[in-house]
Student: 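So that we are looking at the same thing, I have put the structure below in structure tokens.
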Amino acid sequence: MKKSVRIAPATFIALVVGLALASCTSDTSQDKENQRKQDNYDHLVAQQPAGRMEYSPTREAINQWIKTWGKRGKLSYVYIQNAKGEYGYFIMKGLPVPRCKMLTPTEKVESSDNGIAVLAQPGMDGTYTSGSTCNAYYGFDATTNAYMEFTVGTNQSFFLFDKPMSMPEYASAKQLGPSSVKDVAKKP
């Protein structure tokens, strides 16, 4: 009898504490909407689970890209189309690199008692960049090693190949850089 008398107050206290904690964590409207979105997602996944593939063409394409471009000395044939539909080309060592690519982290995350701050870090040239130069590409000419840079955007597109193209629009493209298709064909 004494044992059950001791258990009853402990159970009562646990119940009161549990109810008090539950009332302290009232859901906001945003919490309720987020929960509704999660419930809907859970329902859809249960009704329509993701299929299972026996083979991934995406993974194969990525692996083929690695095999193609992971070779030292591989050349890029970059064809530029202007607003008039005219084509030009240049040949680069390796892939064109977007100017916003960096070898070192561009940000540093610092934590303190006041919270988390994301701090910009200088690039290898000692300056800071906004990352807004992703439409500018650079690289080096295939035979002269000359620095080359180009920008794509409004009314200009570029097409990248690992071999020279013989289709009419590419075959008649104007040479824009120091190296020609004939120059690199002579190269051992």
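FYI, the numbering just counts along the sequence from 1. For the numbers below, each heavy atom of this structure counts, side chains included, while hydrogens, waters and symmetry mates do not.
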Student: Check whether Y89 and L160 end up in the same hydrophobic cluster, where Ile, Leu, Val, Met, Phe, Trp and Tyr are linked by side-chain heavy atoms less than 4.5 Å apart.
Tutor: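 Cluster IDs for Y89 and L160 differ.
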Student: Would the Y170 and Y77 ring centres measure less than 6.0 Å apart?
Tutor: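 Ring-ring flag for Y170/Y77: false, centres at least 6.0 Å apart.
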Student: Around atom OH of Y147, are there more than 12 heavy atoms from other residues, nucleotides or ligands closer than 6.0 Å?
Tutor: yes
Student: Mark yes or no for whether S179, through its side chain, and D141, through its backbone, hold a donor-acceptor pair below 3.5 Å.
Tutor: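 No; zero donor-acceptor contacts below 3.5 Å.
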Student: Backbone N or O of T151 within a donor-acceptor pair of the Q156 side chain at under 3.5 Å?
Tutor: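 Here the side-chain-to-backbone pair exists.
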Student: If you measure from CE on M102 to CD on Q121, what distance do you get to the nearest 0.5 Å?
Tutor: 12.5 Å
Student: Do the non-hydrogen side-chain atoms of V78 and Y137 ever get within less than 4.5 Å of each other?
Tutor: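 Not touching, per the 4.5 Å side-chain cut-off.
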Student: Count the heavy atoms of every other residue, nucleotide or ligand shown that sit under 6.0 Å from CE of M167, and state whether that count exceeds 12.
Tutor: yes
Student: Do S76 and W69 have side chains that approach each other closer than 4.5 Å (heavy atoms only, starting at C-beta)?
Tutor: yes
Student: Is L95 reachable from L176 through a run of hydrophobic residues whose side-chain heavy atoms are each under 4.5 Å from the next?
Tutor: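 Yes, L176 and L95 fall within the same hydrophobic cluster.
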Student: Looking at every heavy atom in both A136 and E149, which two are closest together, and how far apart are they?
Tutor: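 Closest pair (atom of A136, atom of E149, distance): CB-OE2, 4.3 Å.
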Student: Honestly curious: do M92 and F161 fall in one hydrophobic cluster under the side-chain, below-4.5 Å linking rule?
Tutor: no
Student: Atom CG in D42, atom CD in Q35: separation rounded to 0.5 Å?
Tutor: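 It is 8.0 Å, given to the nearest 0.5 Å.
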Student: Can you tell me how far apart NZ (K163) and NZ (K74) are? Round to the nearest 0.5 Å.
Tutor: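 Here the rounded value is 5.0 Å.
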Student: Would you say the ring centers of Y79 and F158 fall short of 6.0 Å from each other?
Tutor: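 No, they do not, as the ring centres are separated by 6.0 Å or more.
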Student: Is a donor on one side and an acceptor on the other found under 3.5 Å between the side chain of N40 and the backbone of K37?
Tutor: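 No.
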Student: What distance do R36 atom CZ and H43 atom NE2 have between them, rounded to the nearest 0.5 Å?
Tutor: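 Here the rounded value is 11.0 Å.
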Student: I want to check something: taking the side chain as every heavy atom from C-beta on, are F90 and I80 in contact at a cut-off of under 4.5 Å?
Tutor: yes
Student: Applying side-chain hydrogen bond (donor to acceptor under 3.5 Å, both in side chains), name anything that partners K101, two or more places apart in sequence or on another chain.
Tutor: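 Applying side-chain hydrogen bond (donor to acceptor under 3.5 Å, both in side chains) to K101 gives none.
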Student: Look up atom NZ in K84 and atom CG in N155, then write down how far apart they are to the nearest 0.5 Å.
Tutor: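 So the gap between those two atoms works out to 11.5 Å.
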Student: Do any N or O atoms from the side chain of Q175 and from the backbone of P178 form a donor-acceptor pair under 3.5 angstrom?
Tutor: yes
Student: Just verifying a value: how many Å separate M148 CE and N145 CG, rounded to the nearest 0.5 Å?
Tutor: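 Going from CE on M148 over to CG on N145, the span is 10.5 Å.
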Student: For the backbone of D31 and the side chain of N34, can you confirm whether one donor and one acceptor N or O come within less than 3.5 Å of each other?
Tutor: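 It does not hold such a pair.
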